[in-house]
**Student:** 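Structure incoming, see below.
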Amino acid sequence: MNKIGNFFKRYEWLGPFLVMTVIIFAYLYDQVINHSMLIFNDTPFHFGRFWEVHQQIATGKISYFQSNFSFNQSGRIINAVYGPLFALIMGSLTFIFTTWFRFQIGTSILLIYLAGFGFYKMAKETEQVSLPFLNLGLFIFLELGYIPAWIQGQSMMAWGGAIVPWVLRYGIRMIKLKKDQINVIGLAVSMAIAAQTHNLTVAMLILALTPAFIVAFVKSNEKKKLFRDVIFSVIIFLFLSANIIGALLVLKTNNIAMPVPIDLKGIALNNNS
């Protein structure tokens, strides 16, 4: 019995992993069986962003600001200010998945595991949640809210939602007054990843972390160190997000012609079906 107990304690992540896998199967079974490509309102826009990266890499004609291959070669400035690192990763994945059908399936699987293990890490940080309730919470988290929005509508809120628990675990760490309350690098890097993925998610995380910081500051006996670590983390975050901040400043200080209306459905989706 002790060996069985030790096994489940050592490999307790297998339960959450099974929950994630079952949810993936439930979400994607029909699409895989029917070999169907799902197109939603946001699909042409985001796939256009990723196709732009794909083509720039494939041709070697790199332009950080302009969209020279997608969006009717209109030169629209999108990726530079909206999830540039995420667009680079997704655009690179198009070389692996080769078709949009495989891309949808592959990125949906990656999303569920990213969100699921983030929730698992966040719940474990509390040291208060038993495994059965953790699995139940994980199931609800993956079934409701923003996570299904990518699978069911190609919404970027899903990827932002998948990153949220990876960041909030540092807020929990602050409140619990653990040694080294602020993981300076971990907090800064996770916030920067959120910024490089989805702008709105950063604003939501700041609102979520502010109460955690206030509670931690009031309870802490090392207020100066806590405040100093937060400042260091913010500085590192700003450095890692400098490309987005710089791009926004460039657009703010330049007179750029407004883009003309274009048909999004006739670009990326017809080039890699």
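As the structure is a prediction and not an experimental result, all values here were calculated from the model.
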**Student:** Does anything in residues 15-26 form a side-chain hydrogen bond (donor to acceptor under 3.5 Å, both in side chains)? List the pairs, not counting sequence neighbours.
**Tutor:** T21-Y113
**Student:** Are any side-chain N or O atoms of Q154 and backbone N or O atoms of W150, one a donor and one an acceptor, separated by less than 3.5 Å?
**Tutor:** yes
**Student:** Treating K121 as the side-chain partner and P165 as the backbone partner, does any N or O pair qualify as donor plus acceptor under 3.5 Å?
**Tutor:** no
**Student:** Is there a donor-acceptor contact under 3.5 Å from the side chain of S241 to the main chain of I244?
**Tutor:** no
**Student:** Keeping E52 on the side-chain end and N68 on the backbone end, is there a donor-acceptor pair under 3.5 Å?
**Tutor:** yes
**Student:** For G91, is there any backbone N or O sitting under 3.5 Å from a side-chain donor or acceptor partner on T94?
**Tutor:** yes
**Student:** When rounded to the nearest 0.5 angstrom, what is the spacing between OG in S70 and CD in Q56?
**Tutor:** 8.5 Å
**Student:** Report yes or no: does N243 contribute a side-chain atom to a donor-acceptor pair with the main-chain N or O of Q196 at less than 3.5 Å?
**Tutor:** no
**Student:** W166 side chain to L114 main-chain N or O, any donor-acceptor pair under 3.5 Å?
**Tutor:** yes
**Student:** Got a donor-acceptor contact below 3.5 angstrom from the Q31 side chain to the S36 backbone?
**Tutor:** yes
**Student:** For R49, does its backbone N or O pair with a side-chain atom of N79 as donor and acceptor, under 3.5 Å?
**Tutor:** yes
**Student:** Is there a donor-acceptor pair closer than 3.5 Å between any side-chain N or O of S92 and the backbone N or O of L88?
**Tutor:** yes
**Student:** Ring centres of H35 and F101 under 6.0 Å apart?
**Tutor:** yes
**Student:** State yes or no: do I77 and I62 share one hydrophobic cluster built from I, L, V, M, F, W and Y residues joined by side-chain heavy-atom distances below 4.5 Å, directly or via other members?
**Tutor:** no
